[in-house]
Visitor: 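After the structure tokens below, expect a handful of questions from me.
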Amino acid sequence: MYSVYLEGFLFCKVRYSQLHHWNDQLRRIFGSTVPAFPPKFYLAMTKSMADERRSQLEEYLQSVTVDPSITNSDVFINFFRKLQQDTFKIQTQRASLDVYLADGRNVRLDIQTSDTAERVLEVVSYKMGLSRELIGYFSLFFIQDHSNGVLSVVKKVAEFELPYVSLQSMKESDCKIGIRKWYMDPSLDKMLMDCRASVNLLYMQALQEIEKNWVKPTDGQLQKLELLQKAANKMKFLELVQEVQHYGYIQLDPCTCDYPEVGCSAAVHVGNNEISCCIKLPCNQTKEVSFKINRVRCWQVTFLGSVTQPKDQGNEQTLELRFEYNDSDSWRWIVFYTKQAFLLSSCLKKIISEQLMKTTKGDKEMQIEMSESLKSKKSSVQQSQIAHSGFISRKRIVVRPNKEDGVFEKIREEDL
């Protein structure tokens, strides 16, 4: 029996024989595009053989999830739906699920416990009047409202994940499901201005982020925003808030890092093509640092172990995200130690995908605008060969042997 973890949280438990049968189903549909499956051992397995199989299964699952045609298929979704329900002993039945808005209100949905996040997002969007073509700009997240008023975004809910089941499995974390915008380029707000529901969602989230100190308006900006709020002028409010520092970013919980030296604490915001940090040095001095994404060559997430929490709060995972960065014309690894390492990785992946889409769109527009006299010549316009162009999809699923007292293996998520 193996435990499968999705972005740092237990997702399901599965046997080798189940995965073997599932692989046969995938191959009948997708043929040779399915990666090689770890072979059977017909003799008793030694520890080294068991470790090798675990590593191979981990690599297999990570490779399978790279192909969207597979992850969007019924054979993929139905397999993990059953595994997730069986693992947490939740049968398919009707249930209520609360999805929280940024202003604290909730939308209560009548769903099936077996509904995926993609389905739940469609239901809540319909109930709120959100245009169907705009659903892709939003996503479901597990969030925490702490007693001290701090807001934490724990993780993005995967499209094939069952939110009702995952919520039951995360009760110890005191999480709830919220709907938030899911893009890292603040200028994309303009795509949502023609729909009242999307404007309301953006407006509520902007107010929340000001209240929670995620964004940093100047005194002058705050005064103008408060006047626009009193006048209920949401469009002008959203136009002005674009100018505020860290608007449209995701804020992580306080963490530690090794830049510019080991033992620094950091307040991290990620968005708009950068990781923006307020770093507190061991000498108590502070330093503002912006890591530009186009200077990042690769990154990886590593599982370091578990720390027992007080008062029966269970175990908290220790994770790190390290990225290779071009700092003053030399490459160096920079490490952040944060339990939100997978969330940070998802944000980086989103930034990369938005940059590539913008580059591709720009190339097409340039080609259309070429004059007739140049059309006969070979165009020199090509997609920018920037440092991150070789990035592949993140590896989100990891596997560990299911042993109560076993040694935890590393979780690796990397691009090479």
Side-chain angles (χ1 to χ4, degrees), residues 1-41 53-95 97 111-125 132 135-136 139-140 142 155-169 177 182 342 346 349 353 392-402 411 413:
M1 181 75 78
Y2 294 90
S3 294
V4 179
Y5 286 76
L6 179 65
E7 299 194 6
F9 292 87
L10 178 63
F11 181 56
C12 66
K13 295 181 180 181
V14 62
R15 296 186 180 280
Y16 173 86
S17 57
Q18 292 173 295
L19 288 170
H20 190 280
H21 177 67
W22 179 59
N23 174 71
D24 290 341
Q25 292 180 301
L26 289 177
R27 285 196 170 279
R28 283 196 292 270
I29 299 172
F30 298 102
S32 60
T33 60
V34 179
F37 188 78
K40 289 182 178 180
F41 289 119
R53 171 179 281 183
R54 181 206 58 78
S55 179
Q56 290 174 340
L57 286 172
E58 180 177 317
E59 183 178 351
Y60 170 80
L61 283 177
Q62 291 170 346
S63 299
V64 164
T65 57
V66 167
D67 188 343
S69 64
I70 294 179
T71 57
N72 293 329
S73 67
D74 288 341
V75 68
F76 181 96
I77 293 171
N78 292 337
F79 178 70
F80 281 108
R81 172 188 281 126
K82 185 177 188 308
L83 285 178
Q84 198 179 359
Q85 288 185 266
D86 289 349
T87 298
F88 297 103
K89 298 179 172 57
I90 295 178
Q91 297 180 344
T92 299
Q93 59 187 20
R94 299 214 67 80
L97 181 68
I111 63 159
Q112 296 277 354
T113 56
S114 57
D115 282 343
T116 63
E118 182 179 29
R119 172 60 179 164
V120 171
L121 183 60
E122 289 176 351
V123 173
V124 71
S125 299
R132 189 173 184 84
I135 293 177
S139 187
L140 300 178
F142 288 110
K155 69 180 287 284
K156 177 183 176 292
V157 188
E159 290 186 353
F160 57 83
E161 195 171 352
L162 310 185
Y164 182 90
V165 177
S166 293
L167 194 61
Q168 306 308 308
S169 69
I177 295 175
W182 180 229
F342 281 102
S346 295
K349 184 177 77 167
S353 66
I392 57 173
S393 299
R394 305 275 62 72
K395 302 174 182 178
R396 298 182 299 175
I397 295 183
V398 294
V399 182
R400 303 188 204 137
N402 183 28
I411 297 176
E413 171 170 310

Visitor: In terms of the angle between their ring planes, are Phe37 and Tyr16 parallel, tilted or perpendicular, with boundaries placed at 30° and 60°?
Guide: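 Tilted.
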Visitor: Find out whether Val14 and Trp22 are in side-chain contact, i.e. whether some heavy atom of one side chain is under 4.5 Å from a heavy atom of the other.
Guide: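 No; the side chains remain at least 4.5 Å from each other.
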Visitor: Is Glu7 close to Phe142 at the side-chain level, that is, under 4.5 Å between some pair of heavy atoms?
Guide: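 In short, these two side chains do not touch, never coming nearer than 4.5 Å.
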Visitor: Of the non-hydrogen atoms in Ser139 and Val157, which two are nearest, and what is the gap between them?
Guide: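 Taking Ser139 first and Val157 second, the nearest heavy atoms are OG-O, 4.3 Å.
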Visitor: Could you walk me through whether Arg119 and Val123 satisfy the side-chain contact (heavy atoms from CB on, under 4.5 Å) test, starting with their C-alpha distance in whole Å, then the side-chain angles of each, then the deciding distance to 0.1 Å, before giving a yes or no?
Guide: CA-CA 6 Å; Arg119 172 60 179 164; Val123 173; 3.8 Å; yes
Visitor: For a quick test of reading the model, state the closest non-hydrogen atom pair linking Ser3 to Tyr5 and the distance between them.
Guide: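 Smallest heavy-atom distance, with atoms named: CB-CE1, 3.6 Å.
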Visitor: Under 3.5 Å, is there a donor on one side chain and an acceptor on the other for Gln85 and Thr92?
Guide: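 Result is yes, a qualifying pair exists.
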Visitor: Considering residues, nucleotides and ligands other than Arg132, do more than 12 of their heavy atoms fall under 6.0 Å from its CZ?
Guide: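 Incorrect, the count does not exceed 12.
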Visitor: To the nearest 0.5 angstrom, please state how far the CG atom of Leu140 sits from the CD1 atom of Ile177.
Guide: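 Going from the CG atom of Leu140 to the CD1 atom of Ile177 covers 6.5 Å.
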Visitor: Heavy-atom distance under 4.5 Å between the side chains of Val75 and Phe30, does that happen here?
Guide: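 Val75 vs Phe30: side chains touch.
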Visitor: Using a cut-off of 6.0 Å, state whether more than 12 heavy atoms not belonging to Gln93 lie near its atom CD.
Guide: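 Yes, because the 6.0 Å sphere around CD of Gln93 holds more than 12 heavy atoms from other groups.
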Visitor: Which value, rounded to the nearest 0.5 Å, describes the distance between Lys82 atom NZ and Thr87 atom OG1?
Guide: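 It is 9.5 Å, given to the nearest 0.5 Å.
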Visitor: Check the surroundings of atom NE2 in His21: do more than 12 heavy atoms from other residues, nucleotides or ligands lie under 6.0 Å from it?
Guide: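 No, NE2 of His21 has 12 or fewer neighbouring heavy atoms, counting only those of other groups under 6.0 Å.
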Visitor: Under 4.5 Å between any side-chain heavy atoms of Ser346 and Trp182, yes or no?
Guide: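 Side chain of Ser346 against side chain of Trp182, heavy atoms only: contact under 4.5 Å found.
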Visitor: Side chains of Phe342 and Lys155: closer than 4.5 Å at any heavy-atom pair?
Guide: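 Sidechains of Lys155 and Phe342: no contact.
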Visitor: At their closest point, which heavy atom of Thr113 faces which heavy atom of Ala95, and how far apart are they?
Guide: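 Minimum heavy-atom contact is CG2-CB, 3.8 Å.
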Visitor: Check whether the side chains of Ser166 and Gln84 place a donor and an acceptor atom closer than 3.5 Å, and report yes or no.
Guide: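 Their side chains do contain a donor-acceptor pair, which is all the 3.5 Å distance test asks for.
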Visitor: Could you please spell out the steps behind the side-chain contact (heavy atoms from CB on, under 4.5 Å) verdict for Glu118 and Asn72?
Guide: CA-CA 10 Å; Glu118 182 179 29; Asn72 293 329; 5.5 Å; no
Visitor: To the nearest 0.5 Å, how far apart are CG in Leu162 and CD in Gln112?
Guide: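 Going from the CG atom of Leu162 to the CD atom of Gln112 covers 11.5 Å.
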Visitor: Within a strict 4.5 Å, meaning less than it, do heavy atoms of the Leu167 and Leu97 side chains meet?
Guide: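 Answer yes - side chains close enough.
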Visitor: Look up atom OG1 in Thr65 and atom CZ in Phe76, then write down how far apart they are to the nearest 0.5 Å.
Guide: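 One gets 6.5 Å once the value is rounded to the nearest 0.5 Å.
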Visitor: Is there side-chain contact between Arg81 and Thr116, with at least one heavy-atom pair below 4.5 Å?
Guide: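 A side-chain contact under 4.5 Å exists here.
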Visitor: A quick test of your reading: do over 12 heavy atoms of other residues, nucleotides or ligands sit less than 6.0 Å from CZ of Arg27?
Guide: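 Enclosed.
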Visitor: About how many Å separate CD of Glu161 and CG of Leu6, when rounded to the nearest 0.5 Å?
Guide: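 Output value for this atom pair is 5.0 Å.
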Visitor: Please give me the minimum heavy-atom distance between Phe88 and Val165, naming the atom from each residue.
Guide: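 Heavy atoms of Phe88 and Val165 come nearest at CD1-CG1, 3.6 Å.
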Visitor: Between Ile77 and Thr71, which heavy-atom pair has the shortest distance, and what is it?
Guide: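 For Ile77 versus Thr71, the nearest heavy atoms are CG1-O, 3.7 Å.
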Visitor: Looking at every non-hydrogen atom in both residues, tell me the closest pair between Ile111 and Asp115 and how far apart they are.
Guide: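 That would be CB-OD2, 3.4 Å.
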Visitor: Between Phe11 and Phe160, how do the two ring planes meet: parallel, tilted or perpendicular, split at 30° and 60°?
Guide: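 Because their plane-to-plane angle is over 60°, the rings of Phe11 and Phe160 count as perpendicular.
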Visitor: Please tell me if the side chains of Gln56 and Glu59 come closer than 4.5 Å, counting only heavy atoms from C-beta onward.
Guide: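 Not in contact.
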Visitor: Could you measure the distance from the CG atom of Asp24 to the CG atom of Leu19? Nearest 0.5 Å is fine.
Guide: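 Spacing of CG (Asp24) from CG (Leu19) equals 11.0 Å.
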